[in-house]
Amino acid sequence: MWLFSMLLQAAPAVGTDPVAAHGESYFSLMAKGGVILIPIFLLAGLAIFLIADKWHFLRKLDKSDNRALAYLLRLIYEGDTDKAAKFAGERNNPAFNVIAAGLKDDNGSMQDVEESMQVESRMQIARLEKGLNYLAITASVAPMLGFLGTIFGVIRIFYDISLSGQLDISTISNGLYEKMICSGTGLLVGIIAYSGYSLLNGRIDKVVLQMDVTVNEGLKAIRSVSRSGVFNGYSS
């Protein structure tokens, strides 16, 4: 019971802001974290920009266009490779771009066509994953920068104590809470970056799975017309 009573006495009154009670704004409180907060905030801005930009990009690719796919397959079955390749290449869709790569290589064997599609597929996947490495770096570096700022702050506190020769608990506590801001901010930025990295990876996996299904449909159509001899230059 005595511990509960002490907590009640130490807690601020309901509805009061502990920061405002000390006459400080949140901005001035954050500024006490030191210059180490500058790279942490830069990483936070980079992470938020990458998450928003990549999420918007993947959201557009997540929608399947059945009508466009049906039209492309019809052009392939009709043997109009030039028109089909042009149509697929103009679409902002990784699966269509992979099919276009195979259609543009219609003077080789089916093995050459499949190799061209595999190379383009890897390039499209790399395009989808572009920028995610920066999120992974941010998720790892931001917390370490926060801890580094805290360590520098603690070193500074004990250095000042060694110079003054006085051990004041208020000086130590004030210095510690100011430097712990670095750790808290770094951890928060790291959590945001890691969460965005995980969510974006999930969306990319979904787009890649949909791309595989569409590319397989296109490859079946190319193989079908190749066996029927509609494409000049194809050999089984």
Side-chain angles (χ1 to χ4, degrees), residues 3-4 6-62 125-162 167-209:
L3 178 60
F4 183 70
M6 290 179 63
L7 290 175
L8 287 178
Q9 294 174 4
V14 177
T16 61
D17 192 337
V19 175
H22 288 80
E24 293 186 80
S25 65
Y26 285 104
F27 179 79
S28 63
L29 184 63
M30 292 296 295
K32 292 182 178 180
V35 294
I36 201 69
L37 286 178
I38 296 177
I40 294 177
F41 284 142
L42 290 176
L43 289 175
L46 176 64
I48 293 173
F49 171 77
L50 288 175
I51 292 172
D53 182 68
K54 185 64 70 172
W55 186 271
H56 178 69
F57 174 72
L58 294 174
R59 187 177 181 182
K60 294 189 297 184
L61 297 180
D62 197 22
I125 293 176
R127 178 187 171 209
L128 293 174
E129 295 177 346
K130 183 179 179 180
L132 290 186
N133 56 329
Y134 294 110
L135 282 178
I137 292 173
T138 300
S140 301
V141 172
M144 288 191 292
L145 284 176
F147 291 137
L148 184 64
T150 300
I151 291 173
F152 285 163
V154 173
I155 292 174
R156 182 66 182 179
I157 291 171
F158 283 100
Y159 176 74
D160 293 339
I161 292 174
S162 66
L167 183 60
D168 189 353
I169 190 62
S170 62
T171 303
I172 296 177
S173 62
N174 288 336
L176 283 178
Y177 95 79
E178 291 174 3
K179 301 310 175 183
M180 288 297 289
I181 294 174
C182 292
S183 294
T185 306
L187 285 173
L188 178 61
V189 174
I191 290 172
I192 293 174
Y194 181 77
S195 300
Y197 177 82
S198 301
L199 290 174
L200 290 175
N201 265 323
R203 295 296 292 258
I204 289 174
D205 290 341
K206 185 177 180 181
V207 172
V208 171
L209 179 60

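- Side-chain N or O atoms of K54 include none that pairs as donor or acceptor with a backbone N or O of E129 at under 3.5 Å.
- Among residues at least two apart or in separate chains, side-chain hydrogen bond (donor to acceptor under 3.5 Å, both in side chains) pairs with a member in residues 138-152 are T150-S183.
- No side-chain heavy atom of L50 sits under 4.5 Å from any side-chain heavy atom of L200.
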Where do F57 and R127 land on the side-chain contact (heavy atoms from CB on, under 4.5 Å) test, with the steps shown first?
-> CA-CA 11 Å; F57 174 72; R127 178 187 171 209; 3.6 Å; yes
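- L135 contributes atom CG, which lies 11.0 Å from atom CD1 of I192 (distance to the nearest 0.5 angstrom).
- Rounded to the nearest 0.5 angstrom, I137 CD1 and Y197 OH are separated by 10.5 Å.
- How far CD1 of I48 is from CG of D53: 13.5 Å, rounded to the nearest 0.5 Å.
- Note: L46 CG to Y134 OH = 8.5 Å, rounded to the nearest 0.5 Å.
- Here I38 contributes atom CD1 and I40 contributes atom CD1; the two are 10.5 Å apart, rounded to the nearest 0.5 Å.
- Between L37 atom CG and C182 atom SG the span is 4.5 Å, to the nearest 0.5 Å.
- Annotation for A142 and G190: closest pair CB-N, 4.1 Å, computed over non-hydrogen atoms.
- Listed by chain and residue number, V189 satisfy the side-chain contact (heavy atoms from CB on, under 4.5 Å) test with A44 (two or more places apart in sequence, or in another chain).
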